[in-house]
Amino acid sequence: SSNGSGGPRRLSRALPFGRSHGRLGVSSSGRLIVPAPSSQEKADPQKTAFLLRKAWTLYSVTPLYRFRRGRLRDYARLLGAFIAAEKQKGLAVEVGVELDIKVALSSLADLRGSELDQDALLVQLSSRSQASSKNSEDKVVWSGWFCSVFGDDLSENVPEHFTCLPLFLTHGAESYTSLVGSWFQKTFDCCFRRLAISPLNLSWMVAMWAGCKLDRAASAVELVFSVPRLAQPLDISYAIHPEDAKALWDTVQKTPGEITQEEVDVFMDCLYAHFHRHFKIHLSAAKLVKVSTGIASAQCDGIVKILHSQYLPGVLMLLTELAISQIQ
Amino acid sequence: MAVLRPFDKLPTLNSGILLLVGPDEALQQRLSETILQEKRDFNINVHLATSLPLPPERDHLRPRIDLIVFMIDIKSKYSLKKVERSLAHVDASFFLGKVCFLVTGVGRVNACSVEMNAVCKLGEAYCSPVLFCELELEDTRVATAQRLVRMLRICAGHIPGVSALSFVSLMRKSDDD
């Protein structure tokens, strides 16, 4: 809904995490209902373990046209052929070693929120070096997955033959990402865009995640700010003990399971005031670029790392929401 | 005195006095330069302040202010806080069309730290128009300067039959959901 890097011709007044028509309980006042942490019986943690502790680069994807769940093997074959052809053309993907790329596409039924959500789609590129023996293990060189968690706002209004999986996460070389992306764009007439996370959205994330209960000792809650327009760029890192952060959030949040913009503002203002009292620096004038908690971490250029499987649906729900608002 | 009042001094002949209030001095400087480059048939004085109240020592030298523009940068929560605190130092009668809020930096929504709803609510609470602009680009900066000069002309009383009160009556919500 906005043209961030280009000219400011179109003004955007998008609300983060919610539009004026109610969605998952989000009203125009910007209230968010957080899903409870998933119970272990429903989701198999083994299947989703590979998602944790990796830095995923985020993209928003428009709905895929005529994507057929039953044709995953065919798609894998076609994508493999496409990658091989591009390599032939001289688009070097890996300098040095000649690699044979094998493509695997699979569905992940556990990563969805509502009934309208489609199963997540996992794409993995693995290689077997031609020098090694035939019995050696394939090494995954690149993975990407499409998902939608409570993406009802998009799924409800989509016409026939379209599949909605608005969030795309990648891990691996950028060259492979662009190859896979261009194949999907050509085959399903969709559009990929890097997902940027504004400081406003990052402050929502840190408020939500700092308030989550973690059974074992969690890492510190960290906020990284960059100070604009100085001769030498300055980064400020503000680390808070996780129990202090949770205690602060508990005094701010009025209704458990529900978060409002006012509560996020109060939480952030307390942190800023505390910092100002000690260092006489107004963090509210700086740009929040990264937030890090025991649950997950997120950066403004659209890179996230999820650390805890229990809160995976909640994090994915936020990211799906961001992706959808970037598409619309 | 600590509070700005709109009619406690005599007006300056054939002039319009504009006061820009906001913590970003460099941006204020650039905007005021663009305003002063506008073709006009009356004198314009632009006063700059990072916050209110203005220093009382120079009050007797200061002319009557016709229009106050509060500048809020959506990339800086601090600018919103500073403006909110400065509003307390403006007399209520100023808010009859002689105040407007200028929200800058809207070309970069991905760097947004201020919630748009909060700014719009501020405009509604103080019955003053909220203008959105991007001052980093010359075209929109010139367009914004032109708009402000037109508003200043009305607020200074140079347009017969149109007073600053007209702005208040034009403050209807255009997208009533």
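Every chain is numbered from 1 and lettered A, B, ... according to where its sequence line falls, protein lines coming before strand lines. Because only heavy atoms are used, hydrogens play no part in the values below, and waters and symmetry mates are left out as well, while side chains stay in.
We find the NE2-OG distance between His282(A) and Ser76(B) to be 10.0 Å, quoted to the nearest 0.5 Å. In this structure, CD on Glu115(B) lies 7.5 Å from CD on Glu262(A), to the nearest 0.5 angstrom. The OG atom of Ser203(A) sits 7.0 Å away from atom NZ of Lys77(B), with the distance rounded to the nearest 0.5 Å. Separation of atoms NZ (Lys75(B)) and OG (Ser198(A)) is listed at 13.0 Å; rounding is to 0.5 Å. Leu195(A) CG to Asn110(B) CG: the interatomic distance, rounded to the nearest 0.5 Å, is 8.5 Å.
Sparse packing is recorded around CG of Leu13(B), with 12 or fewer heavy atoms of other residues, nucleotides or ligands lying under 6.0 Å away. For Arg62(B), the CZ atom sits in a packed shell: over 12 heavy atoms of surrounding residues, nucleotides or ligands are nearer than 6.0 Å. More than 12 heavy atoms of other residues, nucleotides or ligands shown are found within 6.0 angstrom of CG on Asp244(A). No more than 12 heavy-atom neighbours from other residues, nucleotides or ligands sit within 6.0 angstrom of CD on Glu138(B). Counted within 6.0 Å of CD on Glu25(B), heavy atoms from surrounding residues, nucleotides or ligands total 12 or fewer; the atom is thus considered open.
Chain B forms more heavy-atom pairs under 4.5 Å with one residue of Cys300(A), Ala285(A), Ala286(A) than with any other, namely Ala285(A). The most heavy-atom pairs under 4.5 Å with chain B, out of Asp269(A), Leu288(A), Leu283(A), Val289(A), come from Asp269(A).
Within the 4.5 angstrom heavy-atom criterion, no atom of Asp73(B) approaches chain A. Of the atoms belonging to Lys81(B), it is side-chain heavy atoms, and not backbone ones, that fall under 4.5 Å from chain A.
Taking the side chain as every heavy atom from C-beta outward, Ser113(B) and Leu200(A) never approach each other to under 4.5 Å.
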